[in-house]
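All remarks here apply to the structure that follows.
Just so you know, residue 1 is the first one in the sequence shown, and it goes up from there.
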Amino acid sequence: MFDKEVYISRRDTLCRKVAEGIILLPGNSESPANYPNNAYRFRQDSTFLYYFGLDHPDYVGIIDVDSGESILFGDDYTLDDIIWMGPQPAFSDVAIKAGVSYTRSMDKLKAFIAESLKKGRKIHFLPPYRADVTLLLSSLLRMVPEAVASAASVELAKAVVSMREIKDSGEIAQIDEACGIASQMHCMAMKMCRPGIKEQKIAGAIESVALQYGAGVSFYSIVSQNGETLHNHYHGNILESGKLLLVDAGAETNMNYCSDFTRTFPVNGKFTSRQKAVYDIVLAANENTFRIAAPSSYYWEMHNAASRIIAEGLIDLGIMRGNANDIVAVGAQALFMPHGLGHQMGLDVHDMENIGERYVGYDEETLRSSTPGLSSLRIGKRLKEGMVITVEPGIYFIPALIAKWKEEKLGNGFIDFSKAEEYCNFGGIRIEDDMLITSTGNRMLGSCRPPVTTVEIEDFMRQ
Ligand code: GLY
Ligand code: MN
Ligand code: MN
């Protein structure tokens with residue numbers, strides 16, 4: 001974790017951003033996989049990590065906005081725990097690492113909240129995303145579980161987003177480190193890739209890299225020769241010569257900062273001219289974003305610029321027709337890129353997605369568009385120095401979607417469906433890198449970009 005001063009300062013800033021009351025930040029508990037003592041890898045709640053830094057289950061943080069004090073609720077380990085887990089620090093010593101000197105046992109939490117409610121104090125909390133936290137909040141706040149999410153504090157959501165969306169130098173160093181791990185993962189995938197190998201073998205190998213150098217993967221890896229399926233988690237195919245392998249994978253550092261890269265490369269190490277033509281369009285869209293993104297530009301503009309490059313490229317291939325500006329105005333290119341250009345990234349790979357997109361990706365100034373393509377964009381708002389976002393354009397030939405658009409005569413006449421159908425066995429290409437917005441523009445995160453041009457990839461795979 002960072003020095004305790006970092007967490008003290010963050011909590012002080014949060015107190016200045018929220019007018020009054022109590023901020024209730026539950027950490028996560030272990031989550032059983034198949035029986036209580038066999039849990040999934042523990043993942044602390046990212047907002048709890050941001051304000052308290054403690055990567056242990058079963059803590060609840062309280063920040064009293066009016067007094068500026070923080071309290072941690074939790075319990076000391078019992079002798080029985082110590083028999084199974086070895087010597088453990090006292091809870092009060094753990095709290096000191098987060099700069100918190102007031103600790104109370106968990107059985108006091110309910111009375112503390114009841115007392116605060118009795119005094120008419122406002123209790124701020126974020127929308128829960130785990131059932132056990134929903135039940136805890138329901139019991140503490142005496143409301144039915146179904147009512148909890150909608151009672152979450154908009155004021156707290158906006159305050160937390162305004163802080164977490166601007167990464168400081170310590171956080172940027174962590175994200176650079178996560179990108180370094182992901183770069184190794186992608187290089188390993190390219191090295192292993194060859195006809196006859198099972199996707200699962202590559203997925204397992206790259207996930208072991210994430211575990212060797214950090215806390216594991218930042219999301220379940222996508223390793224698929226059916227890259228047209230956007231989030232394909234099936235790893236059961238045997239790789240075939242002539243196909244493309246799409247690998248979308250990232251890592252978390254030991255402090256849980258994330259990375260997220262996608263590379264798409266030929267199973268046999270050599271792009272066909274058709275694959276290269278589509279690939280270079282996607283790469284141009286990716287690299288153009290790094291040329292133009294800067295503070296004060298809007299991310300929806302970056303999405304549209306990438307979409308125009310994709311439309312122009314598809315016009316050149318005869319798959320679309322007309323003018324790229326007109327195509328993007330109605331979103332007809334979304335048949336081939338039905339997702340947004342990227343999302344924020346930090347302690348979550350889709351940073352703060354649990355807090356609510358209308359505060360994280362959009363704001364009073366920028367509302368989500370309903371135009372196809374833009375309507376799937378997770379962040380449209382104005383960029384600021386210190387933001388971290390992914391840049392992940394793609395072109396996919398999804399047979400079911402092409403068939404639907406053709407049947408329903410969608411696409412405003414901009415699509416040559418018979419030409420598009422020629423690509424129905426092509427698969428999909430996505431190229432994803434991670435970007436920091438700087439005072440003057442942006443920089444790519446990570447010190448070693450995984451091979452990305454067709455020449456770099458072919459050279460790398462040949463070695
Ligand atoms: N890993 C999913 C994504 O790229 O957003
Ligand atoms: Mn990704
Ligand atoms: Mn991503």
Side-chain angles (χ1 to χ4, degrees), residues 1-11 14 25-31 33 39-61 72 74 89 94-95 97-100 126-130 132-133 160-161 163-185 206-221 248-261 343-355 360 378 386-390 432 434-436 445-446:
M1 60 190 287
F2 296 118
D3 291 341
K4 63 176 183 296
E5 285 71 26
V6 170
Y7 304 102
I8 294 170
S9 157
R10 287 175 180 172
R11 294 193 299 267
L14 186 62
L25 294 177
N28 280 335
S29 296
E30 295 278 13
S31 189
Y40 294 106
R41 171 172 77 101
F42 175 69
R43 183 51 158 84
Q44 184 57 285
D45 174 72
S46 296
T47 302
F48 184 88
L49 270 180
Y50 186 81
Y51 290 105
F52 291 96
L54 301 172
D55 188 17
H56 297 269
D58 301 328
Y59 296 156
V60 172
L72 272 166
V94 172
K97 292 189 197 165
V100 177
L126 296 173
Y129 53 91
R130 286 192 180 192
D132 53 354
V133 176
V160 169
V161 170
M163 294 179 67
R164 282 185 56 191
E165 73 181 2
I166 307 299
K167 275 66 180 177
D168 67 22
S169 57
E171 296 184 284
I172 292 163
Q174 282 288 313
I175 298 171
D176 270 323
E177 183 183 324
C179 290
I181 303 170
S183 179
Q184 290 187 62
M185 294 163 72
I206 66 173
E207 294 197 351
S208 90
V209 174
L211 282 165
Q212 287 175 62
Y213 297 104
V217 294
S218 51
F219 59 96
Y220 194 49
S221 304
D248 182 351
E252 290 192 0
T253 62
N254 286 325
M255 283 176 60
N256 299 109
Y257 282 89
C258 299
S259 55
D260 184 7
F261 285 88
H343 48 84
Q344 296 201 60
M345 190 181 78
L347 278 165
D348 307 300
V349 66
H350 286 190
D351 211 23
M352 304 174 278
E353 200 160 281
N354 60 304
I355 297 178
V360 176
R378 294 177 201 272
M387 279 186 170
V388 169
I389 26 188
T390 66
E432 177 174 24
D434 302 329
M435 170 191 277
L436 169 70
L445 284 154

Please work out whether the ring planes of H56 and Y59 are parallel, tilted or perpendicular, with thresholds of 30° and 60°. tilted

Give the C-alpha distance, both sets of side-chain angles, the deciding distance and a yes or no for side-chain contact (heavy atoms from CB on, under 4.5 Å) between D248 and D260. CA-CA 7 Å; D248 182 351; D260 184 7; 3.0 Å; yes

Is there a side-chain contact between I206 and V217, using heavy atoms and a 4.5 Å cut-off? no

Can you find a heavy atom in the side chain of M163 that is under 4.5 Å from one in the side chain of V160? no

Taking all atoms of both residues into account, what is the closest heavy-atom pair of [X] and [Y], and its distance?
X	Y	answer
Y7	F2	OH-N, 2.9 Å
M185	A249	CE-CB, 4.0 Å
N254	G214	OD1-C, 3.2 Å
A210	I181	CA-CG2, 4.0 Å
S259	A178	OG-O, 2.7 Å
M352	V161	SD-CA, 3.9 Å

Derivation of the side-chain contact (heavy atoms from CB on, under 4.5 Å) call for L72 and L54: CA-CA 11 Å; L72 272 166; L54 301 172; 3.6 Å; yes

Enter the distance from [X]:[atom1] to [Y]:[atom2] here, rounded to the nearest 0.5 Å.
X	Y	atom1	atom2	answer
M345	H350	CE	NE2	10.0 Å
L211	R41	CG	CZ	7.0 Å
C179	Q174	SG	CD	11.5 Å
F52	R11	CZ	CZ	5.0 Å
F219	E252	CZ	CD	10.5 Å
L14	Y51	CG	OH	4.0 Å

Please enumerate all residues that pass side-chain contact (heavy atoms from CB on, under 4.5 Å) together with N28, with sequence neighbours excluded.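 With sequence neighbours excluded, N28 shows a side-chain contact (heavy atoms from CB on, under 4.5 Å) to F42, Q44, D45, Y129, R130, V133, given in chain and number order.
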
Closer than 3.5 angstrom, by distance alone: can the side chain of [X] be matched with the main-chain N or O of [Y] as a donor-acceptor pair?
X	Y	answer
D351	L347	yes
D434	T390	no
E177	T253	no
R164	G346	no
R378	E353	no

Excluding sequence neighbours, so at least two apart, what forms salt bridge (Lys or Arg N to Asp or Glu O under 4.0 Å) with E171?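 Partners of E171 by the salt bridge (Lys or Arg N to Asp or Glu O under 4.0 Å) criterion, ordered by chain and then number, come out as R10.
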
Take atom CZ of F48 as the centre, draw a 6.0 Å sphere, and report whether it contains more than 12 heavy atoms from other residues, nucleotides or ligands.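 Above 12, so yes.
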
Looking just at side-chain N and O atoms, do S46 and D348 make a donor-acceptor pair shorter than 3.5 Å?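 There is such a pair between these side chains.
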
Passes side-chain contact (heavy atoms from CB on, under 4.5 Å), M387 versus I166? Steps please. CA-CA 5 Å; M387 279 186 170; I166 307 299; 4.3 Å; yes

Give the C-alpha distance, both sets of side-chain angles, the deciding distance and a yes or no for side-chain contact (heavy atoms from CB on, under 4.5 Å) between L49 and R43. CA-CA 10 Å; L49 270 180; R43 183 51 158 84; 4.0 Å; yes

